[in-house]
Amino acid sequence: MDLINKNIGFAMTGSFCTFKKVVAELENLKNTGANIVPIMSSVAYTTDTRFGTSTDFINQIENICQNKIIHTIKDAEPIGPKKLLDALIIAPCTGNTLGKLAGGITDTAPTMAAKAHLRNERPLIVAVSTNDGLGASGKNIMTLLNSKNVYMVPFGQDDPYKKTKSLVAHMDLICDTLIGALDGKQIQPVLF
């Protein structure tokens, strides 16, 4: 599938250890010719960590996308009524955000964007990154796997001996998952 001129939302939540990989995939997506609308949770937008400063990430993301980052609920809400996106990606998607998506809670820009976008029955692509994917967040992953128009970037255990419940998406499969989702197909295997 050709992604030229497709409007793709790309939301980031606070799994900061994955930001470097996710930003690389954001750049790969931009190279397909897609128009990317960046979205960040307020935590992701404002927090400096050992993985980098918020200012550096904001500048890098806006430079790649050539669009300003949506980081408020108010600015995310029109995504639905105006049918702004062909697809929405949440990468990384934390356990906190998984729970909110599964429970219909819209208290961040990414969750509002997802709710607004899903009303148009268009694909939502989720790239999980959580230390409790095989624990408390497991039920939320299963709920989303069984939800209409939600597609998961294939994921697996990132450190099965030191972090036995941790799951992280294979971020290098974001574009493949997006292409499949736009055709109404979940790429397989989901878990490896």
Side-chain angles (χ1 to χ4, degrees), residues 1-13 15 18 21-41 44 65 70 76 79-80 83-106 108-130 133-134 137-158 166-192:
M1 170 173 280
D2 189 356
L3 295 176
I4 294 174
N5 297 323
K6 292 282 187 192
N7 293 310
I8 309 299
F10 201 108
M12 296 176 69
T13 66
S15 183
T18 64
K21 286 182 180 179
V22 169
V23 170
E25 293 310 312
L26 179 63
E27 193 157 25
N28 288 339
L29 180 57
K30 182 63 176 176
N31 290 336
T32 68
N35 175 47
I36 303 173
V37 177
I39 304 161
M40 292 180 89
S41 68
C65 297
I70 294 172
I79 286 171
K83 298 183 179 181
L84 296 179
L85 304 175
D86 295 301
L88 172 61
I89 299 162
I90 302 180
C93 184
T94 62
N96 187 41
T97 301
L98 286 168
K100 291 175 182 186
L101 292 171
I105 298 168
T106 55
T108 65
T111 56
M112 175 54 80
K115 177 183 176 181
H117 174 70
L118 283 170
R119 73 183 251 177
N120 298 319
E121 298 191 12
R122 295 178 180 175
L124 170 65
I125 295 89
V126 176
V128 65
S129 180
T130 179
L134 293 176
S137 288
K139 64 182 179 239
N140 297 321
I141 293 170
M142 294 304 121
T143 296
L144 293 174
L145 277 168
N146 198 37
S147 298
K148 185 177 180 185
N149 298 314
V150 177
Y151 301 85
M152 300 297 283
V153 176
F155 55 87
Q157 289 181 278
D158 58 311
S166 183
L167 294 175
V168 175
H170 299 280
M171 300 303 178
D172 59 325
L173 295 176
I174 290 173
C175 285
D176 291 341
T177 306
L178 168 64
I179 291 166
L182 287 167
D183 281 336
K185 295 180 175 70
Q186 170 66 59
I187 66 167
Q188 299 292 337
V190 174
L191 180 60
F192 71 94

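Between G95 and S137 the shortest heavy-atom distance is CA-OG, 3.5 Å. When all heavy atoms are compared, the tightest approach of L118 to K148 is CD2-O, 4.4 Å. Heavy-atom minimum distance, F10 versus L88: N-CD1, 4.1 Å. Heavy-atom minimum distance, A116 versus A76: CB-O, 4.3 Å.
Between N96 and T13, the closest side-chain pair of non-hydrogen atoms is not below 4.5 Å. Using a 4.5 Å heavy-atom cutoff, the side chains of S15 and V168 are not in contact. For the pair I39 and I79, the minimum side-chain heavy-atom distance is below 4.5 Å. Inter-residue side-chain proximity for I125 and V153 is flagged as met; some heavy-atom pair is nearer than 4.5 Å.
Other residues, nucleotides and ligands contribute at most 12 non-hydrogen atoms within 6.0 Å of the CG atom of N5. K100 NZ: more than 12 foreign heavy atoms inside a 6.0 Å radius.
Exactly one residue among T130, V128, V22 makes a side-chain contact (heavy atoms from CB on, under 4.5 Å) with P92. That residue is V22.
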Output a table of donor-acceptor pairs, distance under 3.5 Å, between side-chain atoms of residues 170-192 and any protein atom two or more places apart or on a different chain; print 'none' if there are none.
{"from": "H170", "atom 1": "NE2", "to": "F192", "atom 2": "O", "distance (Å)": "3.1"}
{"from": "T177", "atom 1": "OG1", "to": "L173", "atom 2": "O", "distance (Å)": "2.7"}
{"from": "Q186", "atom 1": "OE1", "to": "M152", "atom 2": "N", "distance (Å)": "2.8"}
{"from": "Q186", "atom 1": "NE2", "to": "M152", "atom 2": "O", "distance (Å)": "2.6"}

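Within the structure, every pair that satisfies the side chain to side chain donor-acceptor pair (under 3.5 Å) test and touches residues 23-38, not counting sequence neighbours, is listed here: N7-N35, E25-N28, N35-N67.
Side chain of T108 to backbone of T111: a donor-acceptor contact under 3.5 angstrom is found.
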